[in-house]
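Here is the structure we will look at, set down as structure tokens.
Since the structure is predicted, the reported quantities are computational estimates derived from the model, not experimental observations.
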Amino acid sequence: MKNLKKYSWQVSQADDQPAAQAMLFGTGLTDQQMNQPFIGIASTGYEGNTCNMHLNDLAVLVKNSVNQHELTGLIFHTIGVSDGIAMGTPGMRYSLVSREVIADSIETSMGGHSYDGLVTVVGCDKNMPGAVIAMIRLNRPSLLVYGGTIASGCHKGEKLNIVSAFEAWGKRNANAISEEDYRAVIKNACPGAGACGGMYTANTMSSAIEALGLSLPHSSSNPAVGQAKHTECEAVGPYVRHLIENDIKPLDILTKESFENALTLIIALGGSTNAVLHLVALAKTANIPLDLADIQRISDQTPLLADLKPSGEYLMEDVFKIGGTPAVMRYLLDEGFLHPNALTVTGKTIAENLEEVKPVNAEQKVVFPADQPLKQSGHLQILYGNLAQEGSVAKITGKEGLLFKGPAKVYNSEVEANEAIQLGKVEKGDVVVIRYVGPRGGPGMPEMLKPTAAIMGAGLGKDVALITDGRFSGGTHGFVVGHITPEAFDGGTIALVKDGDLIEINAEENSIHVLLSDEALMNRKNQWKQPDYKVKAGVLYKYAKTVATASEGCVTDQF
């Protein structure tokens with residue numbers, strides 16, 4: 001079996017490694033287990049949020065399945081940052097940073113212990129791209145298990161999810177909800193384990209990773225609680241065995257076509273703008289060419305089909321009820337939107353995986369037919385202009401309108417913007433500008449869900465636009481543009497905007513401009529001075545010093 005122990009033989013068999021073997025025997029491994037391939041099982045489980053609270057238990061199920069197939073499963077752990085908890089606080093600066101920490105720690109533990117294969121058990125937003133970055137860097141037989149989506153909450157007959165709690169704050173500020181109902185929404189929005197229930201970033205990225213071919217069919221839509229997720233975990237063993245025996249690695253699976261499949265699926269589903277950031281980062285790690293032009297091209301040719309929150313009606317639990325992600329993928333395949341021959345962790349192609357799957361039927365209301373889409377082209381739109389010479393990302397579902405022009409209300413932090421919204425200083429027709437919250441300026445490019453949710457809750461969603469060099473939660477909806485590059489910290493035009501400047505966002509021409517002359521902007525640029533870093537030590541400082549731009553995926557390992 002040494003040929004299957006491509007890495008672990010160095011610690012478990014080599015005659016000159018007695019101390020390593022002594023420690024491994026000390027953990028309780030038997031002779032048989034020492035002779036089997038070592039499979040690292042990386043869990044991002046921790047007790048502090050609903051997305052991750054159950055992952056350690058799922059990791060045990062995965063280990064038991066792996067061990068039943070002449071493999072030796074060894075669980076280890078890495079961190080996570082809960083976006084829902086950190087949102088709107090200084091802690092949100094650590095969210096995107098956690099993607100890199102997760103990738104680094106999984107790579108470090110796997111490389112340091114000479115494991116032959118990897119299963120990652122992940123839940124919240126940055127867990128998934130972080131885990132996949134590590135899988136790509138290591139390029140050992142690997143498979144991702146998604147912890148699953150949360151069930152919906154309920155109050156007074158209304159379905160609730162995490163964004164309901166954010167928007168309830170805006171409603172209370174606008175006196176549109178009682179204090180009693182506000183507290184009830186908070187207590188009932190998250191009824192148990194699972195990642196945020198709409199087509200937010202967690203469900204977006206799990207869907208993208210299933211379409212990339214790095215997780216088992218149904219992984220992205222199986223609920224966190226229930227037999228389907230347990231059955232999935234219990235099925236992992238034979239697939240990992242097949243990957244090890246055939247030496248199928250992430251870089252054998254990932255191609256330009258698989259990334260196009262991932263983009264097509266998440267655009268059809270109405271996924272998060274964060275997918276742009278993460279998929280560009282994954283492709284860079286894999287040395288596969290993928291840039292903002294590719295995102296726009298796929299969006300132009302892919303209709304928005306799914307009526308999912310945040311802008312729609314339904315949740316991921318409803319996708320599960322109509323056959324799950326594979327049923328949607330089968331429909332897209334039949335309609336000619338997917339590349340059929342892309343390889344997956346099952347050892348089969350996308351088309352082979354979907355051969356026995358029934359496509360979503362015409363009776364259900366979650367996914368519209370391609371000839372009657374919610375929007376003819378995709379909602380993820382890449383905007384350029386004097387405000388974003390290197391690009392920006394908008395989520396345009398069509399419900400927000402296609403053109404917005406208004407005076408700027410400029411804030412140099414999210415806190416300032418939240419206070420202004422709460423005090424009623426943001427009015428109909430305004431373009432809220434939140435800057436110095438980019439990858440370097442934040443640092444960490446925090447999400448702006450709290451101000452966008454407050455705007456929606458106050459009933460201003462169609463009357464106020466928001467632009468930022470930060471990013472948005474998958475739960476954000478409304479007329480919003482993020483990822484503005486160059487960011488304010490680097491002297492991008494967004495740093496030069498003043499209160500009252502007219503800003504025009506045109507989603508038909510994919511443009512974003514401040515209506516000032518080049519001469520006026522140059523005069524302001526000559527007077528602008530780069531601020532100091534907001535932090536001078538620690539992980540945020542290291543991140544600010546090494547991070548690439550948002551248009552380059554915010555990677556930190558390609559200097």
Side-chain angles (χ1 to χ4, degrees), residues 44 49-52 80-88 91-100 102-103 120 122-133 144 146-150 161-166 190 194-212 215 219-221 224 262-263 265-282 295 306 308-312 315-316 319 325 378-380 393-395 397 439 444-450 452-453 468 470-478 480 482-483 550 553-554:
T44 58
N49 79 336
T50 51
C51 307
N52 296 64
V81 171
S82 171
D83 288 8
I85 291 173
M87 196 72 69
M92 192 61 204
R93 297 176 300 169
Y94 291 89
S95 169
L96 188 55
V97 176
S98 75
R99 185 189 77 181
E100 310 308 303
I102 289 165
T120 58
V122 292
C124 195
D125 298 5
K126 311 309 169 293
N127 299 177
M128 282 165 282
V132 174
I133 288 171
L144 182 142
Y146 175 47
T149 188
I150 196 171
N161 65 93
I162 187 63
V163 175
S164 306
F166 283 106
C190 298
C196 301
M199 190 44 58
Y200 311 145
T201 304
N203 285 325
T204 297
M205 289 311 300
S206 64
S207 300
I209 290 164
E210 183 170 330
L212 280 173
S215 62
S219 185
S220 62
S221 52
L263 281 164
L265 176 63
I266 59 117
I267 289 169
L269 291 174
S272 166
T273 53
N274 279 315
V276 175
L277 197 71
H278 296 318
L279 287 172
V280 168
L282 300 186
I295 310 289
L308 294 172
K309 289 183 181 296
S311 57
L315 297 167
M316 196 59 156
V319 175
T325 305
H379 64 298
L380 295 181
V393 182
K395 182 192 279 188
T397 66
M445 203 181 181
E447 292 177 346
M448 300 293 116
L449 176 58
K450 192 170 182 179
T452 58
T468 180
R471 60 196 176 91
F472 296 112
S473 163
T476 292
H477 56 127
V480 298
H483 304 207
C554 290

Closest heavy-atom pair, Thr273 versus His483, reported as atoms and distance to 0.1 Å, is O-CE1, 3.7 Å
By side-chain contact (heavy atoms from CB on, under 4.5 Å), Ala202 pairs with (sequence neighbours left out) Asp125, Met128, Tyr146, Ala195
Asp83 meets the salt bridge (Lys or Arg N to Asp or Glu O under 4.0 Å) criterion, sequence neighbours left out, with Lys126
So CZ of Phe166 and CE of Met87: to nearest 0.5 Å the spacing works out to 5.0 Å
Query raised in the report: Is there a donor-acceptor contact under 3.5 Å linking the side chains of Thr201 and Arg471?
Result: no
task = Please examine the side chains of Cys190 and Ile162, heavy atoms only from C-beta on, and report whether any two atoms are closer than 4.5 Å.
result = yes
Those residues at least two apart in sequence (or on a different chain) that pass side-chain hydrogen bond (donor to acceptor under 3.5 Å, both in side chains) with Thr149 are Asn203
inquiry  = Using side-chain heavy atoms (C-beta onward) and a distance below 4.5 Å, is Pro446 in contact with Met448?
reply    = yes
Closest non-hydrogen atoms of Lys395 and Pro310, given as atom of the first, atom of the second and distance, are NZ-CG, 3.7 Å
side-chain contact (heavy atoms from CB on, under 4.5 Å) filter on Ala131, not counting sequence neighbours, yields Ile106, Thr120, Val122, Leu144
Taken in chain and number order and not counting sequence neighbours, the residues that satisfy side-chain hydrogen bond (donor to acceptor under 3.5 Å, both in side chains) with His379 are none
Closest non-hydrogen atoms of Val319 and Ser221, given as atom of the first, atom of the second and distance, are CG1-CB, 4.5 Å
For Cys124 and Asn52 the tightest heavy-atom approach is CB-OD1, 3.4 Å
Heavy-atom closest pair (Gly130 atom, Ile102 atom, distance to 0.1 Å) is C-CG2, 3.9 Å
With sequence neighbours left out, the residues meeting salt bridge (Lys or Arg N to Asp or Glu O under 4.0 Å) with Glu210 are none
Minimal heavy-atom distance between Ile85 and Asn49, with the atoms involved, is CD1-CB, 3.9 Å
Taken to the nearest 0.5 Å, the spacing of Ile295 CD1 from Leu277 CG works out to 10.0 Å
Distance col, row Cys196:SG vs Lys309:NZ, nearest 0.5 angstrom, shows 13.5 Å
CG of Leu308 to OG of Ser207, rounded to nearest 0.5 Å, is 9.0 Å
### Query
Are the side chains of Thr325 and Met316 in touch, meaning some heavy atoms are under 4.5 Å apart?
yes
In this structure, SG of Cys554 is separated from CZ of Arg99 (nearest 0.5 Å) by 6.5 Å
Rounding to 0.5 Å, atoms CD (Glu447) and CZ (Arg93) come to a distance of 15.0 Å
